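Contents: one structure, followed by commentary.
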Amino acid sequence: MRRIIVIANRLPVALKDDQWVTSPGGLVRALEPVLQRVNGSWVGWSGDTDMELEPFEHDGIEQVPVPLSSAELDGFYYGFCNSSLWPLYHDAIVAPEFHRHQWHPYVRVNRRYAEYAAEVLHGDDVAWVQDYQLQLVPSMLRELRPDATIGFYLHIPFPPIELFARLPWRRQIIEGLLGADVLAFQTRASVRNFAQAARKYGRAEPQARSQLAWQGRTITLQRAPIAIDTAHFETLAQSHSVRTRAAELRHEMGDAKRIILGVDRLDYTKGIDLRLKAFAGLLERAQEPREYAFVQVAVPSREDVPAYQDLRAEIEQLVGRINGDHGEPGWSPVSYLYRSLDLEELIAYYVAADVMLVTPLRDGMNLVAKEYVATRVKDPGVLILSEFAGAAEQLRSALVVNPHDVDEVTATIYRAAVMERREARVRMQRLRRTVRKEDVFEWARICLAMLDAV
Ligand code: F6P
């Protein structure tokens, strides 16, 4: 197998008390064994600013840190990545901002990633660029290494052309991406959207199915939905410590008859506010409101972006209002945790939950939905899933909802809460078959086979 160089915004390791530790997360878990086998490298930012670090090895993978200054972090990461591209690519749920003083650092930082990657890319190595932060890297790297095999994977949705058209630098982004040999996306819709934008703003010519011709090269478009290490989640879900903790959690939640769970990064794309309103609707209609407990885990994220600060305030106010309206001394219907949980604790929450609410307004994939399914080894549990999550293309036996329709979500939570065990079991078995078959190792295999064939 050829050597693989992953180029991603962040390295798969971070400094903790002066030690490099592997960051949790699906991409890292999937790619680590592959990179170890092929003696691969990972080019990315260490997470600290104003720090020049030499390449080093960690767990058999060469780590190539790309330095970022704090001014670049503001312009590139908080600015263009997370105040322009992120909202634009997620249906403009909040208004994207476009500033030239943020675009320029995006170009500069992308060029730096390409230069660092070019240094470690030799012979027939494969370069595999990840995500929206680095959309100019494929073409910049191609300039430096014209014969390289370059792949790109977009983890978030590629927006419909009507939205993408707003971007003042739409041509540059399309031309940046077209430097790749293979461009892979989470869903069919994203592949379609990109093909349309590439024709319009890059003058790429459609070829045979899923191929574009551009500047004398052929570019393959691919749908490859990202996934999880299903077996690992299954194993942990069956461990004695996780099951004991899950039982404890149920008890701590007043032994409610139905525990409903939401787990998200605190992000406006996740629809946490509407979900809380839907749960409030259930409490209003329920004969015995105390039969229900809702736990929302909100993982802190991008706390320096104003839209995230506003969202946090809004959600916390809403939680307070629902508990104020419906709670009683010693009982609050909503438990709200603003923190990240370690993996075993998270899985204990999944195991404890009867109903999982995954209702983003737009999401590239949503791995929480897949994680919940993977952990339902003993009791079925019901997954309620937004039709706007990429995962809805695969997890068809979930209860699929329009997250904007608060009454529909309320009715669906009720339907899930009273669902007969037999129906829940059949649905969950189908979902489990999908997440077992289409796990993250299969995802990596499919993506890399396409690149290996270039
Ligand atoms: O889904 C896109 C993504 O960049 C993931 O890769 C990442 O886990 C998440 O968003 C949060 O990203 P960050 O904290 O690096 O902005």
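Both counts, for ligands and for their atoms, begin at 1 and track the order of listing. From a predicted model like this one, the values you see are computed outputs, not experimental measurements.
Side-chain contact annotation: Tyr77 with Asn9, donor-acceptor N/O pair under 3.5 Å absent. No hydrogens or angles considered: nothing links the side chains of Arg171 and Tyr201 as a donor-acceptor pair under 3.5 Å. Of the N and O atoms on the side chains of Gln296 and Asp264, at least one donor lies less than 3.5 Å from an acceptor on the other residue.
Under 4.0 angstrom from ligand 1, the non-hydrogen atoms of Asp131 all belong to its side chain. When non-hydrogen atoms are compared, ligand 1 lies under 4.0 Å from the side chain of Arg10 (C-beta onward) but not from its backbone.
Closer than 4.0 Å to atom 8 (O) of ligand 1 lies none of the heavy atoms of the protein.
The protein non-hydrogen atom at the shortest distance from atom 10 (O) of ligand 1 is Arg302 NH2, 3.2 Å. At the shortest separation from atom 1 (O) of ligand 1 among protein heavy atoms lies Ile156 CG2, 3.9 Å.
For Arg199 and Trp214, the positive end is not near the middle of the six-membered ring at less than 6.0 Å and at most 45° from its axis. Cation-pi geometry between Arg376 and Tyr350 is not met: the NZ or CZ atom fails to fall both under 6.0 Å from the ring centre and inside 45° of the normal.
Checking Tyr338, Tyr268, Tyr78, Trp86 one by one against Tyr308, the ring pair (Phe, Tyr, Trp, His ring centres under 6.0 Å) holds for a single residue, Tyr268.
Proximity annotation for atom 4 (O) of ligand 1: of Arg265, His155, Gln186, Gln133, Gln133 comes nearest, heavy atoms only.
Checked against a 3.5 angstrom limit, the closest N/O atoms of Tyr77 and ligand 1 fall inside it.
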